[in-house]
Amino acid sequence: MLRTHNCGELTIKDCGKRVTLCGWLQRSRDLGSMTFIDLRDRYGITQLVFNTDTNKDIYNQAKSLSREYVLQVEGEVKERSNKNKNLSTGDIEIIVDKINVLNTAQIPPFTIEDNTDGGDELRMKYRYLDLRRACVRKNLELRHRLSILIRNYLNNKDFLEIETPFLIRSTPEGARDFVVPSRMNPNEFYALPQSPQQYKQLLMVAGFDRYFQIVRCFRDEDLRADRQPEFTQIDCEMSFVEQEDVLNTFEGLIKYLFKEEKHLEFPKFNRMTWQDAMKYYGSDKPDLRFDMKFVEIDDVAKGKGFKVFDDAEIVVGICVQGCASYTRKQLDELTEFVKKPQVGANGLVYIKYNEDKTFKSSVDKFFSQDDLKVIAEKFDAKPGDLMLIMAGKKMKTRISLCSLRLEMGSRLNLRNPFNYAITWVVDFPLLEWNEEDQRYYAMHHPFTAPKPEDYPILFTKPGEVRANAYDLVINGTEVGGGSIRIHDKKVQADMFKALGFTPEKAQEQFGFLMNAFTYGAPPHGGLAFGFDRLCAIFAGADTIRDFIAFPKNNSGRDLMADAPSMISQQQLDELCLDLKKKD
RNA sequence: GGUUCGGUAGUUCAGUUUGGUUAGAAUACAUGCCUGUCACGCAUGGGGUCGCGAGUCCGAGUCUCGUCCGAACCGCCA
């Protein structure tokens, strides 16, 4: 070992010891006849001191060192005369008598500090330097701790961690696959798994009963702050269970993580049907940190001669407490906000319930004070509140109002990332109509079981069939989701039929799974959590990038390695590939 | 595919609205001074293809068009 101790462990108790430390030069402070150097490693920072009075040679040597040099130093631990309460090692310092420069370093392009002066792009390009910063390192340490806790919890519940292949068969449905050409099988391709879905179901057929895996998944879709092309799932599956068993098992896991990591305890998680989530929050992942539930006011808003309301499929709004004092300018801002193409509303109607109990609205021409009072009662509004109302097509209006609700939540600081509001969303629809392709798609995936009571209407009212599918939502983020699976070959065949597959096509694409179901598949179900998102939520962060050691940027590029890249003609030839010019 | 914002010193930004002298600040860096700092302090100094390319103009960091790059979002993500 090149060191006797690390840079975070020495305390007052170690005074007088002779120690050897290794680390990076964080910063030096030269006071003329003495110099202080902060030596940094993963564990902390220890102050080194060099004094002309005691050792002029070593002082001169210390002066020649610069930031991020890798040093090995020997010296004696001594109590400081001026202590630093902000540092775990702040009571001591090392009187150094020997410096060994293990490596020199260029001046890094940004400062290696929590409040770095580096922007995102630069940090990604020099990610290995970014990772030296304590705040980024702490994120990865959190991720590590959570992964250990997860394995611990699931192991104690008899789950087995079993690896599944990364080179698999491409299947239609779902996200776009990343594909890998096969050299030994010219003109054929593997796909990287979007999730180990079919393999975990096959493990249930194989009798493994309880499976989990903390596993990388790949989806070739456009990215966001919380979406990477490769991301990590906590993938789980159980046999001989019903939905209730799955929910309880994994509610337990999440509670365990919050308790162990953050010392937070939660009562039984809230449950909400998908129908209610859409009706009251306009989203299948409602942010329940604040209220502002949707109120539908068709019955009192229509028939007053206001065409926008009269012609609308739905008139719905939210009541924002204490905002009746909003100025014209603020209301115009909100109108601008909802008219942005991302939100897509045509406009916004407001009703102020003034403190003097009068009303002021943008539709005073059509609504009397009494009319407005009736509406206000519907909202359960109090003097001082502001009602914001939208109208139009049902789903579109709800989704736009959801954006506005979240915006108001943010403006009023109601979205504290460390205030955790957790809910299950259950009873998702089984199928979703796609206008573009004029067919139904599985909302979750094609192996999701319909609710038995809805199975009879699979072909008559496919859009109304509910699934035994569920999502876990924390603070408006979908953290995980799953379902009870189909284990019956006939139900699975019907499902493919409902999705518009011919029996031949279904056999070709999913034959191995359907065949497996003929050999005694147990009833089973499971779910998967987005591990990166879970880590971000525990740290109160919006982006998952800082919880991944080497993430990709917005366009799926690794700015450090500059991937993806061209490959050689020789590689292309081996793979039987010709490149086509992009239009 | 679309919307929005951004690209100026090693870095983070101001300057662009209203085109006009030598493009500034902070920080980083270098040098000097300083014996208790810990965001040390003080002084001095070097550091610029204003992303790139066209155009308008007597004159463009500033206006126009195109293009590249980054970020957030919509579509997309079973």
Side-chain angles (χ1 to χ4, degrees), chain A residues 26-40 45-54 59 63 66-68 78 80-87 89-90 93 106-126 129 171-177 194-195 197-198 217-229 231 336-337 339-344 396 399-400 403 406-407 428-432 434-436 440-448 467 469 471 478 481-483 495 499 528 530 542-543 545 553-555 557 559 562:
Chain A
Q26 172 76 17
R27 178 183 285 123
S28 56
R29 293 176 291 279
D30 183 4
L31 271 60
S33 299
M34 65 188 306
T35 256
F36 298 99
I37 285 181
D38 289 339
L39 192 68
R40 182 200 70 237
I45 281 179
T46 299
Q47 176 165 285
L48 315 177
V49 61
F50 305 84
N51 196 320
T52 42
D53 285 352
T54 46
Y59 166 81
K63 272 184 82 153
S66 88
R67 272 168 60 203
E68 299 306 312
K78 201 174 163 224
R80 290 197 199 184
S81 55
N82 275 2
K83 293 182 178 159
N84 184 345
K85 290 193 293 287
N86 302 320
L87 229 51
T89 60
E93 62 195 357
Q106 279 194 299
I107 299 293
F110 51 87
T111 55
I112 312 292
E113 282 161 22
D114 284 3
N115 288 316
T116 182
D117 59 6
D120 287 351
E121 195 177 347
L122 206 62
R123 288 175 43 213
M124 288 307 155
K125 182 165 180 196
Y126 299 93
L129 297 180
T171 54
E173 305 292 291
R176 214 171 273 121
D177 282 328
Q194 298 170 28
S195 85
Q197 184 58 39
Q198 292 173 59
C217 303
F218 307 85
R219 293 179 190 175
D220 187 7
E221 296 292 347
D222 287 3
L223 308 175
R224 292 284 189 279
D226 65 349
R227 269 162 36 188
Q228 284 274 304
F231 61 99
E336 283 307 305
F337 173 83
K339 284 166 104 170
K340 283 197 306 187
Q342 276 89 336
V343 180
K396 191 164 172 288
I399 291 166
S400 297
S403 298
L406 294 176
E407 170 71 13
F428 272 75
L430 183 70
L431 301 166
E432 197 177 20
N434 182 303
E435 273 301 327
E436 203 175 315
Y440 281 101
Y441 276 92
M443 194 152 186
H444 188 54
H445 56 54
F447 318 109
T448 300
D471 275 359
E478 180 199 331
S483 61
M495 180 69 179
L499 292 172
D542 291 324
T543 164
R545 287 190 200 154
N553 78 355
N554 247 358
S555 5
R557 297 202 71 87
L559 291 177
D562 197 23

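All of these numbers come straight from a predicted model, not from anything done at the bench. We use all heavy atoms of the structure for the numbers below, so side chains are in, but hydrogens, waters and symmetry mates are not. Proteins come first, then strands; the chains are lettered A, B, ... in the order of their sequence lines, and each starts at number 1.
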How is [X] classified with respect to the nucleic acid when contacts are heavy atoms under 4.0 Å: base, sugar-phosphate, or nothing?
X	value
K125(A)	nothing
T448(A)	nothing
L122(A)	sugar-phosphate
D220(A)	nothing
P446(A)	base
M443(A)	sugar-phosphate

5' priority, RNA chain B, between M34(A) and V343(A) [closest heavy atom]: M34(A)
Whichever of T543(A) and S28(A) has its nearest RNA chain B nucleotide further upstream toward 5': S28(A)
Partner set under ring-ring contact (aromatic ring centres under 6.0 Å, His included) for F36(A), not counting sequence neighbours: none
Under the ring-ring contact (aromatic ring centres under 6.0 Å, His included) test, residues paired with Y440(A) that sit two or more places apart: W433(A)
Expected output: side-chain R219(A) to main-chain Q194(A) donor-acceptor under 3.5 Å: yes
Would you mind telling me which of [options] lies closest to the side-chain atoms of [X]?
X	options	result
E221(A)	G36(B), C77(B), A72(B)	C77(B)
R224(A)	C73(B), U11(B), U37(B)	C73(B)
Q342(A)	G70(B), C38(B), U3(B)	U3(B)
A225(A)	G70(B), U3(B), A72(B)	A72(B)
D222(A)	G10(B), G75(B), G36(B)	G75(B)
D30(A)	U37(B), C38(B), C34(B)	C34(B)
E121(A)	G70(B), G10(B), C76(B)	G70(B)
R545(A)	U3(B), A71(B), C38(B)	A71(B)

Less than 4.0 angstrom between a side-chain N/O of [X] and OP1 or OP2 of [N], yes or no?
X	N	value
R557(A)	G70(B)	no
S555(A)	G70(B)	yes
N554(A)	G70(B)	no

Any donor-acceptor N/O pair under 3.5 Å between C77(B) base and R227(A) side chain: yes
Polar pair under 3.5 Å, donor/acceptor by atom type, side chain R29(A), base C34(B): no
When the distance from [atom1] of [X] to [atom2] of [N] is rounded to whole Å, what number comes out?
X	N	atom1	atom2	result
R176(A)	G1(B)	CZ	C1'	11 Å
N115(A)	A39(B)	CG	C1'	10 Å
E113(A)	A39(B)	CD	P	10 Å
K340(A)	G2(B)	NZ	P	18 Å
D120(A)	U11(B)	CG	C1'	13 Å
Y126(A)	U12(B)	OH	P	12 Å
F110(A)	G70(B)	CZ	C1'	16 Å
E93(A)	U37(B)	CD	C1'	10 Å

More than 12 heavy atoms from other groups under 6.0 Å of CG on N115(A): no
With sequence neighbours excluded, residues passing side-chain hydrogen bond (donor to acceptor under 3.5 Å, both in side chains) with Y441(A): D437(A)
Any residue meeting side-chain hydrogen bond (donor to acceptor under 3.5 Å, both in side chains) with Q47(A), in chain and number order, not counting sequence neighbours: R29(A), E93(A)
List every contact pair, protein side and nucleotides 26-28 of chain B side both N or O, where the distance is under 3.5 Å.
from   : atom 1 : to     : atom 2 : distance (Å)
A28(B) : O3'    : R67(A) : NH1    : 2.9
A28(B) : O2'    : R67(A) : NH1    : 3.3

Reference residue T46(A); test side chain to side chain contact (heavy atoms under 4.5 Å, CB included); the match among T89(A), D38(A), I37(A): T89(A)
Listed partners of N84(A) passing side-chain contact (heavy atoms from CB on, under 4.5 Å), at least two apart: R80(A), N86(A), L87(A)
Paired nucleotide for G66(B) [Watson-Crick or G-U wobble; both distances under 3.5 Å]: C52(B)
Residues E407(A), V343(A); criterion side chain to side chain contact (heavy atoms under 4.5 Å, CB included); working and verdict: CA-CA 11 Å; E407(A) 170 71 13; V343(A) 180; over 6 Å; no
